[in-house]
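This report concerns only the one structure given below.
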Amino acid sequence: MSICYMDGAFRPVGEGSLPISDLAVQRGVGVFESMKIINKKVLAITSHMKRLEDSAVSVGMKIEGSGIIEEITKIARDGACRDDCPGGGKDAVVKAYITGGDVILHGFFTNPRYFLIFDDGFLVSPEEYCRGVSLQPTAERRPYPTVKSINYLFGLMQAVGRDDVLECLYCPDGYAAETLRSSFFIFREGTIITAPKGTVLNGVTRNIVIELALADGFTVEERQAKVSEFALADEAFITNSLHGVMPVVRIGDTVVGGGKPGPVSRRLRELYDANIERWLDN
Ligand SMILES: *Cc1c(COP(=O)(O)O)cnc(C)c1O
């Protein structure tokens, strides 16, 4: 069963609630992080907490000197070790949220709230990794791409009613940026290509995968792939903290890599799974 931490205590998730006066409810003001828990440890918590702080500050939340990031870090670690952590803390997810609170003062959110939710690990079926997933390209752009905002509405709308696609792929001006909630890569002419930081979210899994790929002798180029390159790519894949490396076999009407996951995404997934302990709770 999922649990949460809210108002100073751990409790069943159904007993956590946010006042309707909170700007998260009224205006979608909120930032968050999703982190994997493996064997009671939170994966790459330091990187996630840094990004949470950066997101909060850049949207105008007044958190400097509040100790809120330190508190959230401690609660995430404590929750991962609790007996009632979902999945016994062996394979779980912790999501940490900071919301706008009730007050806007000169454009600043002066009294942000926070809460955490602990869920069962996001279970991706082995078949999904074997088959690969499809993405829906859209010319929309994710505003303020370095902020991990709770507002996924306009991205979700790009794939409404589609049961054949996992999520949208943002391709403003004909260049691939990232998907709804993952970093995006293609493999073409022996090179792994992914969008540079600053144009997309600074993905924690993205950075781990790049580090592992470079150490394994791959060439990595940080640029946004052209939409016209999808058809020429040998492979495509996406990464995020919950499902690691996931092969992509179709983007819109374009079949990638003959419609089957290829050896590069398989190799990177093996490397990720084999090395992930190095990023546990450091
Ligand atoms: C969460 C997210 C990612 C993936 O980031 P990780 O740190 O690897 O989990 C990528 N893009 C967007 C838009 C996201 O919201």
Side-chain angles (χ1 to χ4, degrees), residues 28 30-38 42-56 58-59 72-73 76 91-98 116-117 119 121-122 124 133 135-138 140-159 165-172 175-186 192 194-213 220 222 224-225 236-248 265 268-269 271-273 275-276 278-282:
V31 295
F32 81 109
E33 287 295 321
S34 289
M35 297 169 279
K36 189 100 182 147
I37 296 173
I38 303 170
V42 185
L43 184 61
I45 190 168
T46 311
S47 304
H48 283 286
M49 289 298 111
K50 174 81 178 73
R51 191 172 67 191
L52 183 65
E53 181 170 17
D54 291 346
S55 291
S58 42
V59 302
I72 292 173
T73 308
D91 180 16
V93 171
V94 52
K95 294 178 285 183
Y97 296 82
I98 306 179
L116 293 87
I117 297 177
D119 282 328
F122 182 80
V124 180
V133 298
L135 302 176
Q136 177 61 35
T138 169
E140 295 297 321
R141 177 188 304 276
R142 199 169 71 80
Y144 300 95
T146 59
V147 173
K148 196 163 172 94
S149 157
I150 60 167
N151 191 344
Y152 277 36
L153 177 62
F154 303 111
L156 288 167
M157 281 168 57
Q158 308 306 318
V165 298
L166 183 71
E167 55 200 24
C168 73
L169 170 62
Y170 295 104
C171 302
Y175 287 87
E178 62 193 323
T179 74
L180 179 74
R181 50 181 185 161
S182 307
S183 309
F184 174 77
F185 299 72
I186 65 169
I192 295 170
T194 195
K197 284 180 205 173
T199 68
V200 290
L201 193 74
N202 184 12
V204 174
T205 321
R206 168 198 186 276
N207 296 342
I208 292 174
V209 165
I210 289 175
E211 185 177 333
L212 292 171
V220 178
E222 295 193 37
Q224 291 193 351
F237 55 94
I238 53 176
T239 65
N240 74 25
S241 298
L242 303 196
H243 44 60
V245 181
M246 174 66 80
V248 171
S265 63
L268 293 175
R269 195 160 99 75
L271 282 173
Y272 183 81
D273 291 345
N275 287 280
I276 203 59
R278 286 166 44 197
W279 283 274
L280 280 180
D281 207 8
N282 47 17

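Every number for a ligand or one of its atoms is a count from 1 in the order of the listing. The basis for the numbers below is simple: all heavy atoms, side chains too, and nothing from hydrogens, waters or symmetry mates.
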- Side chain of Arg142, backbone of Val147: donor and acceptor closer than 3.5 Å? yes
- Item | With sequence neighbours excluded, residues passing ring pair (Phe, Tyr, Trp, His ring centres under 6.0 Å) with Tyr272 | none
- Query: Which protein residues have a heavy atom under 4.0 Å from ligand 1?
  - Reply: His48, Arg51, Arg142, Lys148, Tyr152, Glu178, Thr179, Leu180, Arg181, Ser182, Ser183, Leu201, Gly203, Val204, Thr205, Asn240, Ser241
- Note on the structure: Ala213 meets the side chain to side chain contact (heavy atoms under 4.5 Å, CB included) criterion, sequence neighbours left out, with Ile192, Phe218, Val220, Leu268
- Quick one: ring pair (Phe, Tyr, Trp, His ring centres under 6.0 Å) partners of Tyr170, sequence neighbours excluded? none
- Query: Has the side chain of Arg51 got a donor or acceptor atom that lies under 3.5 Å from a matching backbone atom of Glu33?
  - Reply: no
- Task: Measure the spacing between CG of Leu43 and CD1 of Ile37 and express it to the nearest 0.5 Å.
- Result: 10.5 Å
